[in-house]
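In what follows, a single structure is set out as structure tokens and then discussed.
Order of the sequence lines fixes the chain letters, A, B, ..., with proteins taken first and strands second; residue numbering starts at 1 for each chain.
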Amino acid sequence: MSLFIYNTLTKKKELFIPLLLKRVGIYVCGPTVYGDSHLGHARSAIAFDTLFRYLMYLGYKVRYVRNVTDVGHLMNDSDLEKDKIVEKARLESIEPMEVVQYYLNRYHEIMNELNVLPPSIEPHASGHIIEQILLSKEILDKGYAYESNGSIYFDVEKYNKKYSYGKLSGQNISDLLKSIQKSNVQKEKRNIIDFALWKKASQNHIMRWKSPWGEGFPGWHLECTTMSKKYLGDIFDIHGGGMDLIFPHHECEIAQNLVLTGHEGAKYWMHNNMITINGKKMGKSFGNFISLEHLFNGSHPLLTKSYTPMTIRFFIVRSHYRSVIDFSNRDLESSEKELSRLLEASNNIKKLKVKTENSKMNIENLRNKAIEAMDDDLNTPVVISCLFDAAKLINLALIEQIKLTSENIQQLNDLFQLFLFNLLGIKDDFYKKNFLSPFGGAIDLLLQIRMQAKQRKDWITSDFIRYKLIELGFEIRDTKNGVEWELK
RNA sequence: GGCUCUUUGGCCGAGUGGUUAGGCGUCGGUCUGCAAAACCGAGCACGGCGGUUCAAAUCCGCCAAGAGCCUCCA
């Protein structure tokens with residue numbers, strides 16, 4: 001048991017050693033719920049779901065906190081503070097919390113379809129206003145923040161003198177100052193790189209809470225610090241999120257944590273890479289995103305067809321979580337075929353018969369290789385290659401090119417159960433749903449009639465049934481062990 | 001401009017200083033009444049230029065192309 005994970009803070013793969021013997025605390029930045037979730041959201045959720053699943057497999061009791069940002073996510077950092085959710089609510093003439101609930105429900109539905117396990121705790125930023133005010137005060141008392149016109153700002157320059165701002169992202173304060181100065185003007189702040197812990201609400205701002213500094217709302221970076229501290233403590237094991245959050249979000253969290261407790265907060269900082277489309281990052285604000293619903297029903301001009309949630313999940317785990325995935329129909333179709341090959345092989349395991357008492361097949365090796373891959377910073381593509389190796393063995397055994405022992409068959413079954421279904425989170429309800437239903441029975445019946453026709457060499461009838469079924473989207477295969485069908 | 005990173009065969013995608021990744025696609029074959037699937041086989045690589053080394057796709061340098069961040073972002 002030696003899991004190595006890449007730590008953005010040290011830029012190295014490090015041996016994972018939990019703070020407590022058998023427990024792991026993870027905090028992951030979840031979505032800002034003001035729009036439909038897209039492939040990028042799925043990637044982050046699936047990456048950390050894989051981590052969650054693997055840690056549990058390793059025997060840890062995992063507390064996985066994934067927050068919901070439902071307030072304070074500003075559209076920009078200028079004086080015209082516009083909250084994303086407030087803006088959406090204004091546009092649709094509804095309560096901000098209706099916006100939040102609507103998109104959160106949809107997010108949950110989609111996560112469920114993608115077989116993403118629910119986190120242990122899903123805290124909302126809006127439910128932690130009091131704690132955020134307290135932490136703002138504390139930072140203020142420690143002298144690392146200042147009040148300005150009803151808002152509280154973190155004093156980055158002062159902080160930088162004692163600690164080092166930019167540790168996570170590799171930025172340094174003077175370069176930052178140079179690059180920001182051109183684009184942004186902010187009167188209230190002492191320094192352009194200071195960030196808000198608490199923002200004064202302008203007169204028409206809907207989401208507002210009372211604070212010692214007047215009515216306002218919390219700053220984005222402080223939300224995550226507050227909730228991670230509350231549920232995981234001052235120091236916890238893993239903090240995750242998309243790479244686009246490294247700066248400024250996680251950098252600012254680290255700054256807040258260091259001021260409050262003298263520790264960065266998390267020991268390991270993990271970041272999943274982006275999904276691009278035509279080589280550019282997929283993002284809501286770029287308008288180039290394909291929502292997961294679009295992918296599931298195929299209703300987007302860039303999609304040549306629809307893809308099942310499991311195809312999407314497989315598409316994501318077949319690349320390493322730290323590499324960029326460029327969206328393409330071609331690769332999605334390829335993923336679909338790859339997954340169906342694995343699922344078919346997995347279903348073929350139950351058809352295997354014990355043909356020998358002792359075989360040289362070493363399936364334990366495949367298992368070990370796959371575990372090693374998971375240990376190596378969750379190398380899921382290599383895990384999948386092991387499954388393909390296993391699939392080949394199953395197919396060879398099925399046509400009796402190789403002989404397997406009952407132990408071999410059990411090991412193959414365990415391999416698929418553990419890696420494909422349990423760790424990679426693929427569900428195979430398709431087979432159960434189709435093969436065990438009256439619908440499946442009807443197909444079997446048609447194929448029985450076809451078989452009778454074949455026996456009388458009535459090729460016209462038998463081919464008619466086959467072609468019609470193929471036309472309807474089925475795949476028909478005559479194998480040694482009888483006819484097989486599948487809905488493509 | 002600054003910071004971080006990427007560049008592998010038609011496509012996707014792992015990887016280690018010296019040994020076949022894997023998959024999709026393509027071509028050929030076996031099986032089949034014909035197909036499909038499966039299986040067997042084939043072909044196709046490490047961005048460019050230098051350096052270190054007995055040996056580099058793997059380490060170092062330079063160059064080129066691209067991405068992310070420096071505004072909100074998974």
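Annotation: salt bridge (charged side-chain N to carboxylate O under 4.0 Å, His left out) contacts involving residues 275-291 of chain A, sequence neighbours excluded, comprise D244(A)-K281(A). Among pairs with a residue in residues 112-125 of chain A, those fulfilling salt bridge (charged side-chain N to carboxylate O under 4.0 Å, His left out) read R66(A)-E122(A), at least two apart in sequence or across chains.
Look at K337(A) and you'll find a side-chain N or O under 4.0 angstrom from OP1 or OP2 of rG25(B). Applying the 4.0 Å criterion to OP1 and OP2 of rU6(B), one finds that S323(A) has every side-chain N and O outside that range.
Taking Q411(A) as the reference, I363(A), E364(A), E407(A), N408(A) meet the side chain to side chain contact (heavy atoms under 4.5 Å, CB included) condition, with sequence neighbours excluded. A search for side chain to side chain contact (heavy atoms under 4.5 Å, CB included) contacts involving A266(A) returns F236(A), H239(A), W269(A), not counting sequence neighbours. Residues satisfying the side chain to side chain donor-acceptor pair (under 3.5 Å) test with T311(A), not counting sequence neighbours, are T308(A). Residues satisfying the side chain to side chain contact (heavy atoms under 4.5 Å, CB included) criterion with E293(A), sequence neighbours excluded, are D36(A), R106(A), I110(A), S291(A). Take Y6(A) and apply the side chain to side chain donor-acceptor pair (under 3.5 Å) test, not counting sequence neighbours, and it matches no residue. For K468(A), the salt bridge (charged side-chain N to carboxylate O under 4.0 Å, His left out) partners at least two apart in sequence or on another chain are E471(A).
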Could I get a table of every N or O pair under 3.5 Å where one atom is in the protein and the other is in nucleotides 9-12 of chain B?
from, atom 1, to, atom 2, distance (Å)
rC11(B), O4', R330(A), NH2, 3.4
rC11(B), O2', D331(A), OD1, 3.3
rC12(B), O2', R318(A), NH1, 2.7
rC12(B), O2', R318(A), NH2, 3.2

Below 3.5 Å is the cut-off: list the nitrogen or oxygen pairs between protein and nucleotides 38-44 of chain B, distance only.
from, atom 1, to, atom 2, distance (Å)
rA38(B), OP1, R341(A), NH1, 3.4
rA38(B), O3', N395(A), ND2, 3.2
rC39(B), OP1, R341(A), NH2, 3.4
rC39(B), OP1, N395(A), ND2, 3.3
rC39(B), OP2, R341(A), NH1, 3.3
rC40(B), OP2, K392(A), NZ, 3.1

Show the distances under 3.5 angstrom between N or O atoms of the protein and N or O atoms of nucleotides 58-67 of chain B.
from, atom 1, to, atom 2, distance (Å)
rA67(B), OP1, K280(A), NZ, 2.1

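What separates NZ of K167(A) from P of rC70(B) is a distance of 22 Å, to the nearest Å.
rC3(B) and rC59(B): their C1' atoms are spaced 24 Å apart (whole Å).
Evaluation of atom-type donor-acceptor distances gives a pair under 3.5 Å for the side chain of D463(A) against the base of rG33(B).
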Got a list of side-chain donor-acceptor pairs under 3.5 Å for residues 379-397 of chain A, not counting sequence neighbours?
from, atom 1, to, atom 2, distance (Å)
N379(A), OD1, V382(A), N, 3.4
T380(A), OG1, V317(A), O, 2.6
S385(A), OG, V382(A), O, 2.8
N395(A), ND2, A391(A), O, 3.3

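The main-chain N or O of Y153(A) is never found under 3.5 Å from a side-chain atom of D194(A) such that the two would form a donor-acceptor pair.
By the 5.5 angstrom centroid cut-off and the 30-degree plane limit, W459(A) is classified as stacked against the base of rG33(B).
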